[in-house]
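Note that ligands are numbered from 1 as they come in the structure, with each ligand's atoms numbered from 1 the same way. Just so it is clear, the values below take in all heavy atoms, side chains as well, and ignore hydrogens, waters and symmetry mates.
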Amino acid sequence: MQIGCVQLLEFRNYRTLSYRPSARVNLLTGRNAQGKTNLLEALGVLLTGRSFRTSRLAELPYWGAEAATLSGDLLRAEGSRTVRRTLQRQESGTWLASGENCPWARVIAFGWQDLAIVHGAPSARRSFIDGFAARLYPSHLAALLRYRRLIEQRNRVLQMHPTSERLAPWDEQVATVGMELIDRRRRAVAALQGELARVYAAVSGERQKLQIGYRSVIGEATEPAVLVAALQQARPIELRRRQTLAGPHRDDLGLELDGVDARTFGSRGQQRLLALALRLAEVLPVAEAAGTAPVLLLDDALSELDPGVRDNVLREIQGAEQVFLTSPEPLAVSGAARWVVDGGGIAAA
Ligand SMILES: Nc1ncnc2c1ncn2[C@@H]1O[C@H](COP(=O)(O)OP(=O)(O)OP(=O)(O)O)[C@@H](O)[C@H]1O
Ligand SMILES: [Mg+2]
């Protein structure tokens with residue numbers, strides 16, 4: 001798929017913007033703090049309704065504005081669709097987003113915050129695999145929200161009435177929805193595996209094999225009853241800590257380079273490359289699942305990489321469909337449309 005055109009009103013530092021990108025690689029350069037990341041964020045919000053860098057809607061409208069709007073035409077081989085979204089300030093002061101999702105719109109974003117997937121806490125890896133699983137299986141998101149609510153409710157029981165009788169019905173529900181999540185996460189990991197090894201070898205130029213695995217409290221088990229048993233086993237500690245301690249909200253991903261935990265690979269450039277490889281490995285499975293290639297939003301994806309690796313990454317993204325790549329410095333990218341972002345505006349370079 002591609003973004004044919006986009007219009008912004010009062011989004012971040014863009015008061016008004018009308019932009020018609022190229023269908024292939026778009027290179028966005030410009031000095032710091034001019035709006036490169038903001039524009040990528042706007043494209044992501046247009047496509048999915050969510051920002052890849054914040055969960056707080058209030059940050060997105062131009063400071064002091066009462067509303068922000070984004071609209072644009074999304075194109076794919078079978079036809080096009082116009083998408084419109086509004087962020088509106090309510091009388092209570094909270095922000096409300098409205099607008100319909102396009103069922104085939106898919107975006108894969110990479111930004112500096114993705115380094116946390118490699119060296120951060122398990123929660124960063126869980127959000128990574130949940131985001132990918134949701135791009136493959138859109139019902140994953142609703143199940144994830146349902147699961148979160150269940151855990152909140154179960155935790156409340158642990159805090160207010162911590163008895164086995166009260167907890168038992170929650171165990172069943174947590175295990176059923178939890179197993180659904182674990183199953184989709186495992187399938188997502190399996191879908192990523194082959195591409196991850198290929199992409200990492202292609203961009204690093206090394207022979208090392210990058211592998212990903214799903215690490216769950218229930219091991220390889222597939223029945224909800226095993227999760228119920230894990231909850232029962234954790235019960236004495238749960239009663240002390242008053243928190244649900246077993247389930248997919250505590251699981252993690254393992255990342256290994258030739259069998260060695262990738263988190264122990266210290267160099268910053270290498271960590272960036274691992275995180276970028278994870279995002280690029282999503283492209284093919286997402287395209288297959290959605291029936292159309294995702295739009296790639298790569299924010300400052302080449303910084304800290306050496307020239308040879310940069311060339312490898314550029315070669316890899318030439319094979320993608322529509323790509324937006326930002327950089328504070330000019331880059332040589334053959335065949336790319338060049339744009340300069342300056343003070344909340346954009347112009348062809
Ligand atoms: N809601 C907002 N309203 C107005 N301006 C904002 C808003 N949010 C952020 N900004 C401003 O937008 C400017 C551009 O931010 P952005 O992160 O897009 O820069 P950038 O071009 O990606 O810079 P860098 O090269 O440093 O990554 C910043 O100066 C920031 O203060
Ligand atoms: Mg930026």
Side-chain angles (χ1 to χ4, degrees), residues 3 6-19 21-22 25-72 85-90 92-99 107-117 268-269 271-273 275-276 279-280 295-305 310 313-314 317 322-333 336-349:
I3 298 170
V6 57
Q7 288 86 37
L8 306 178
L9 269 180
E10 311 280 32
F11 184 93
R12 294 272 194 190
N13 69 329
Y14 292 93
R15 305 301 307 265
T16 70
L17 177 86
S18 181
Y19 174 41
S22 148
V25 180
N26 293 275
L27 179 62
L28 280 58
T29 56
R31 292 174 297 120
N32 293 137
Q34 299 304 306
K36 301 182 296 294
T37 304
N38 292 349
L39 182 54
L40 259 53
E41 184 183 37
L43 299 178
V45 173
L46 177 73
L47 264 60
T48 66
R50 298 157 69 91
S51 160
F52 61 80
R53 65 169 168 176
T54 180
S55 55
R56 286 183 295 271
L57 281 181
E59 287 180 22
L60 305 180
Y62 184 81
W63 292 318
E66 294 293 312
T69 60
L70 309 92
S71 60
R85 296 187 187 275
T86 307
L87 311 176
Q88 186 82 46
R89 211 170 100 97
Q90 306 298 288
S92 61
T94 57
W95 287 80
L96 190 73
S98 58
V107 57
I108 293 171
F110 171 83
W112 61 267
Q113 61 281 357
D114 286 350
L115 259 84
I117 304 170
R268 226 179 123 84
Q271 289 183 350
R272 279 190 77 99
L273 195 60
L276 181 59
R279 290 299 183 197
L280 295 176
V295 170
L296 275 181
L297 305 176
L298 305 177
D299 193 24
D300 220 352
L302 300 183
S303 72
E304 296 181 303
L305 303 181
R310 282 184 176 198
V313 172
L314 290 173
I317 63 175
Q322 192 178 36
V323 181
F324 295 84
L325 175 66
T326 68
S327 164
E329 59 198 283
L331 293 170
V333 187
R338 294 165 176 283
W339 308 94
V340 176
V341 175
D342 190 19
I346 188 164

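Contact annotation: the side chain of F110 never approaches that of F52 to less than 4.5 Å [non-hydrogen atoms, C-beta and beyond]. Counting heavy atoms from C-beta on, the side chains of L325 and L314 come closer than 4.5 Å. Residues T54 and E41 meet the side-chain proximity criterion, which asks for heavy atoms closer than 4.5 Å.
Here the heavy atom of the protein found nearest to atom 30 (C) of ligand 1 is W63 CH2, 4.2 Å. P61 O, 2.8 Å is the protein heavy atom nearest to atom 1 (N) of ligand 1. What sits closest to atom 19 (O) of ligand 1 on the protein, heavy atoms only, is A33 CA, 3.3 Å. Taking atom 18 (O) of ligand 1 as the reference point, the nearest protein heavy-atom neighbour is N38 N, 2.9 Å.
Inclusion of D300 in the set of residues having an N or O under 3.5 Å from an N or O of ligand 1 is not warranted. Checked against a 3.5 angstrom limit, the closest N/O atoms of P328 and ligand 1 fall outside it. Between G30 and ligand 1, no N or O atom pair is found at a separation short of 3.5 Å. Considering both main-chain and side-chain atoms, Y62 never comes within under 3.5 Å of ligand 1 through any nitrogen or oxygen pair.
The atoms of ligand 1 that sit less than 4.0 Å from any heavy atom of E59 are 1 (N).
Nearest to atom 27 (O) of ligand 1 by heavy-atom distance, out of T37, L40, L39, N13, is T37. Relative to atom 24 (P) of ligand 1, the option among D299, N32, D342, V341 with the closest non-hydrogen atom is N32.
W339 and N26 make their closest contact through NE1-OD1, 2.9 Å (heavy atoms, listed as atom of the first residue, atom of the second, distance). Closest non-hydrogen pair, R272 versus L115, comes out as CG-CD1, 3.5 Å. A68 approaches E10 most closely through the heavy-atom pair CB-O, 3.2 Å. Counting all heavy atoms, side chain and backbone alike, R15 lies closest to Y62 at CD-CE1, 3.3 Å.
Atom CZ of R50 sits in a sparse spot, with 12 or fewer heavy atoms from other residues, nucleotides or ligands closer than 6.0 Å.
At least one heavy atom of R53 sits less than 4.0 Å from an atom of ligand 1.
Metal site remark for the Mg ion (ligand 2): T37 contributes an N, O or S atom at a distance under 2.8 Å.
Between the side chains of D300 and W112, no donor-acceptor pair of N or O atoms lies under 3.5 Å.
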